Participant: 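The structure's right below; bear with me while I get my questions together.
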Amino acid sequence: KDSFVAEIFEDEKHCLLAETGVPEKLAFRMKQMMEMNLTDKLAMTEAAFSIAKSIFSRRNHNQEFMNFWKVNINNQSSEPQ
């Protein structure tokens, strides 16, 4: 669970996370996923897609980019020369 994925996706809500570099934990999580019923798999998939879409949407990225430059331009113009 030491990857940056855990900062975005919640374990067992959006996905099943396994600690990096521990093959036994990965195998356990893979087994869990294979044994999970279809309804739960679909719910997890939808939850993951929803969070990824909200975080990585073009509209949100564009808005954050524009806000970043507006703030920086406004700060520069208000600084004494």
Side-chain angles (χ1 to χ4, degrees):
K1 295 183 184 182
D2 56 353
S3 69
F4 295 112
V5 172
E7 293 180 4
I8 298 169
F9 298 107
E10 186 178 329
D11 189 26
E12 297 187 11
K13 178 179 180 182
H14 302 115
C15 59
L16 297 177
L17 298 175
E19 186 177 344
T20 302
V22 184
E24 297 81 13
K25 290 188 179 185
L26 176 60
F28 175 75
R29 288 306 202 161
M30 290 172 71
K31 184 176 184 284
Q32 271 188 301
M33 183 60 76
M34 289 186 288
E35 293 172 347
M36 193 181 271
N37 69 53
L38 183 58
T39 302
D40 290 343
K41 283 181 189 178
L42 290 173
M44 188 177 283
T45 301
E46 288 296 321
F49 181 74
S50 178
I51 194 80
K53 189 173 150 184
S54 70
I55 292 173
F56 299 110
S57 77
R58 284 185 182 150
R59 179 174 286 142
N60 288 348
H61 179 72
N62 182 48
Q63 190 61 49
E64 289 178 22
F65 182 80
M66 295 303 289
N67 288 341
F68 171 81
W69 285 107
K70 284 179 188 176
V71 167
N72 283 322
I73 289 170
N74 289 339
N75 286 342
Q76 284 181 350
S77 64
S78 65
E79 290 178 4
Q81 298 287 329

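Scope of the values below: all heavy atoms of this structure, side chains included, with no hydrogens, waters or symmetry mates. Quick caveat, the model's predicted, so the values are computed rather than measured.
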Participant: Shortest non-hydrogen contact from Met44 to Lys13?
Facilitator: CG-O, 3.6 Å
Participant: So for atom NZ, which belongs to Lys31, do other residues, nucleotides or ligands contribute more than 12 heavy atoms lying within a distance under 6.0 Å?
Facilitator: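 No, NZ of Lys31 has 12 or fewer neighbouring heavy atoms, counting only those of other groups under 6.0 Å.
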Participant: Who passes side-chain contact (heavy atoms from CB on, under 4.5 Å) against Gln32, sequence neighbours left out?
Facilitator: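 Applying side-chain contact (heavy atoms from CB on, under 4.5 Å) to Gln32 gives Leu16, Phe28, Arg29.
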Participant: I'd like to know if the side chain of Glu64 pairs up with that of Asn60 as donor and acceptor (distance under 3.5 Å, no hydrogens or angles considered).
Facilitator: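 No.
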Participant: More than 12 heavy atoms of other residues, nucleotides or ligands under 6.0 Å from CE of Met33: is that the case?
Facilitator: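 Yes - once you tally the heavy atoms of other residues, nucleotides and ligands closer than 6.0 Å, there are more than 12.
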Participant: For Asn62, what residues pass the side chain to side chain donor-acceptor pair (under 3.5 Å) criterion, not counting sequence neighbours?
Facilitator: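 Listed in chain order: nothing, the list is empty.
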Participant: Calculate, to the nearest 0.5 Å, the distance between atoms CD1 and CD belonging to Ile51 and Glu10 respectively.
Facilitator: 9.0 Å
Participant: Using the rule that two of Ile, Leu, Val, Met, Phe, Trp, Tyr join whenever any of their side-chain heavy atoms come within less than 4.5 Å, decide whether Trp69 and Met66 are in one cluster.
Facilitator: yes
Participant: Which heavy atom of Phe9 sits nearest a heavy atom of Cys15, and at what distance?
Facilitator: CB-SG, 3.7 Å
Participant: With a 3.5 Å distance limit and no angle check, can you tell me whether Thr45 reaches the backbone of Lys41 through a side-chain donor-acceptor pair?
Facilitator: yes
Participant: Decide whether Ile55 and Leu17 are clustered together by the hydrophobic rule: side chain heavy atoms of Ile, Leu, Val, Met, Phe, Trp, Tyr closer than 4.5 Å, transitively.
Facilitator: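 Yes: a chain of side-chain contacts under 4.5 Å links Ile55 to Leu17.
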Participant: Restricting to non-hydrogen atoms, name the atom on Gly21 and the atom on Pro23 that form the minimum distance, rounded to 0.1 Å.
Facilitator: O-CD, 3.4 Å
Participant: Kindly give the heavy-atom pair with the smallest separation between Asn37 and Asp40, and that separation in Å.
Facilitator: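 That would be OD1-N, 2.7 Å.
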